[in-house]
Protein chains: 2
Amino acid sequence: MKSVNTAMGTNAPRLDDQLCFLLYTASREVTRQYQPVLKALDLTYPQYLVMLVLWEQSKPISVSEIGKRLHLDSGTLTPLLKRLEQKAIITRRRNDRDERQVDIQLQSKGLEMKRHAAEVPGKLLCRFDDAQLKRLQELREELKSVLGLLINE
Amino acid sequence: MKSVNTAMGTNAPRLDDQLCFLLYTASREVTRQYQPVLKALDLTYPQYLVMLVLWEQSKPISVSEIGKRLHLDSGTLTPLLKRLEQKAIITRRRNDRDERQVDIQLQSKGLEMKRHAAEVPGKLLCRFDDAQLKRLQELREELKSVLGLLINE
DNA sequence: AAAAATTAAATTGTACACAATTCAATTTTG
DNA sequence: CAAAATTGAATTGTGTACAATTTAATTTTT
C-alpha cells in the first residue's frame, strides 16, 4: 500500500522513485556505455539499432517497416538512413511496385559489419558476474512484459 | 543458462531481447505518454524533471547540482533553463560567493505549478488496476537497483 | 473512372543529449 | 604570492526524437 500511495498521492512526486525517471536515466546510461564499443564500428546507438533490424532481415526492407520495429518515424529515420548511405553501409531505393516506399538494403560493407557487431553485447556484459547477469535478465523479462502494458492502450 | 548465452553468444544479437533496446523503447514510450498531461503545464518532459528537482528544494540551486541529480550536463541544461526563464518559471543569477555558479530559483509562477504537477502521476497511473500497479512498482525497484549496478563501475 | 481518403517519405521547426572546446573564476601547488 | 590545475557555465557542432506539414503515390468511394 505504502509505495503505491507514494506514486498516486497528492504529494509532490519524488524524483528518484519515479519509474519514468529511472527509465530515462537507465536508457541514457546504457546508451553511454555502448558508445565507446560502437565507436569502433563508426555507429551511433540508434544507427546500431537500425543495423540490428537490417541484419535480422537480409531482405530489403522499407523505411516504415524499420520504423515499426523501432517505434521511430520518418522524421527520425530519413536523416539517419541518409547518414548510413553516405558511409556506404546501406542503399536507399524507391520500390518499383510502390513508389511511395523506399527500400533499405545492406551494402557489402554493412553486411560485413555484422561479424564485428556480434561481439558488441559480450564486450558490455563481460564485466558482470553470473549473479548480476541473472538480475539483468530478470529485469529484461519484467521490462518486456511491462512494455506490453504501456503500449497497448 | 540458455538466455544468458543468447546475450553473450556470438550470434547476431536479437533486437527484442536486448535490455538496452527495451529501456530505450520504454523510456520514449513513457515520455510520450507524459506529453499530453504535461502540455497543460506547458512543460516538456525534461523540463518537468528539472521542475521536480526545484520543487524538492525550495532553495536556489546551481546548474551543476541540477545536473548531478538528473545526470545532465550544462550543454543540455543551459538552453533548457533559458527557456524556463523566458516562460517566467525560474530566474537565473550568478552566485555572489562563487561567480562561476549560476543559481536557479523558482519564480512565483514556477512555485504555483507544483500544485498542478502533483496531479500528474495520478493522471498517468489511473488507467492501471492494482495488479498492474504492483508490477510497475516491482519493475521500479528492480530498475533502481540495477541502475546502481550500471552506474558504479 | 474521377474524387476523396489514405499511405509513405521527406521536410520543417523545436527541443533535447552530449562530446569537445572555451572562458572566467576559484583552488591548489610549488 | 604566482603559476598551474580545477571547476562551472556557456558555446559549438553533430545526431537524434517527434509534432506538424507537404508532396507524391496508391487505394477506396462514389
Side-chain angles (χ1 to χ4, degrees), chain A residues 20-21 23-36 38-39 42-51 60-68 70-87 89-90 92-104, chain B residues 20-21 23-36 38-39 42-51 60-87 90 92-104:
Chain A
C20 58
F21 174 62
L23 286 169
Y24 167 80
T25 304
S27 173
R28 287 186 301 124
E29 182 58 34
V30 170
T31 301
R32 210 189 323 273
Q33 299 193 9
Y34 265 82
Q35 211 177 268
L38 292 179
K39 197 170 184 178
D42 189 29
L43 291 176
T44 66
Y45 182 69
Q47 288 168 6
Y48 171 68
L49 292 180
V50 168
M51 294 306 288
I61 181 176
S62 68
V63 173
S64 61
E65 184 58 32
I66 296 173
K68 213 170 290 175
L70 301 180
H71 309 279
L72 291 171
D73 70 9
S74 65
T76 302
L77 287 174
T78 297
L80 186 156
L81 291 168
K82 283 182 177 172
R83 280 175 214 118
L84 291 180
E85 185 184 37
Q86 281 186 330
K87 295 193 242 194
I89 292 171
I90 62 160
R92 298 160 65 246
R93 239 181 67 89
R94 288 276 162 192
N95 184 307
D96 287 334
R97 275 187 239 285
D98 185 341
E99 299 227 345
R100 290 171 304 182
Q101 291 180 209
V102 168
D103 283 340
I104 305 301
Chain B
C20 57
F21 174 63
L23 286 170
Y24 168 79
T25 304
S27 173
R28 286 186 303 122
E29 182 58 36
V30 170
T31 301
R32 210 190 322 277
Q33 298 192 10
Y34 264 82
Q35 213 177 267
L38 291 179
K39 197 171 185 180
D42 189 30
L43 292 176
T44 65
Y45 182 69
Q47 287 168 7
Y48 171 68
L49 292 180
V50 169
M51 294 305 289
I61 181 179
S62 69
V63 173
S64 62
E65 184 58 33
I66 296 173
K68 213 169 288 173
R69 309 275 182 95
L70 301 179
H71 308 280
L72 291 171
D73 69 10
S74 66
T76 301
L77 287 175
T78 297
L80 186 157
L81 291 168
K82 283 182 179 174
R83 278 174 217 117
L84 291 181
E85 185 183 37
Q86 280 185 330
K87 296 194 241 194
I90 62 159
R92 296 161 65 246
R93 240 181 69 89
R94 288 278 162 194
N95 184 307
D96 287 333
R97 274 186 240 284
D98 186 340
E99 299 228 344
R100 288 171 305 182
Q101 292 181 208
V102 168
D103 283 340
I104 305 300

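Excluded from the calculations below are hydrogen atoms, water molecules and symmetry mates; all remaining heavy atoms, backbone and side chain alike, are included. Throughout, protein chains are lettered first and strands after them, A, B, ... in sequence-line order, and every chain is numbered starting at 1.
For B:R32, the listed nucleotide lying nearest its side chain is D:dC18; candidates were D:dC18, D:dA17, D:dG15.
Between B:Y24 and D:dT16 there is no side-chain N or O to OP1 or OP2 distance below 4.0 Å.
Of the residues listed (B:R100, B:R93, B:R94), the one engaging B:D96 in a salt bridge (charged side-chain N to carboxylate O under 4.0 Å, His left out) is B:R93, and it is the only one.
Taking a heavy-atom distance under 4.0 Å as the criterion, the stretch of DNA chain C touched by chain A extends 5' to 3' from C:dT7 to C:dA19.
Looking at heavy atoms from C-beta onward, A:L84 lies in side-chain contact with A:L43 at the 4.5 angstrom threshold.
Applying the side-chain contact (heavy atoms from CB on, under 4.5 Å) test to A:R92 and every residue at least two apart in sequence or in another chain returns A:T78, A:L81, A:K82, A:E85, A:I90, A:V102, A:I104. Here B:S64 pairs with B:S62 under the side-chain contact (heavy atoms from CB on, under 4.5 Å) rule; sequence neighbours left out. For the salt bridge (charged side-chain N to carboxylate O under 4.0 Å, His left out) test, no residue two or more places apart in sequence or in another chain qualifies with B:E99.
Comparing A:E29 and B:K87, the nucleotide of DNA chain C nearest to each residue sits closer to the 5' end for B:K87.
Taking each heavy atom of A:H71 and B:T25 in turn, the nearest pair found is CD2-CG2, 3.4 Å.
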Contact state string [nucleotides 6-14 of chain D, B base, S sugar-phosphate only, - no protein heavy atom under 4.0 Å]: -BSBBB---

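Between B:Y24 and A:Y45, the ring-plane angle classifies as perpendicular under the 30° and 60° cut-offs.
As a whole-Å value, the separation of A:D96 CG from D:dT26 P is 10 Å.
Applying the salt bridge (charged side-chain N to carboxylate O under 4.0 Å, His left out) rule to pairs touching residues 69-80 of chain B yields B:E65-B:R69, sequence neighbours excluded.
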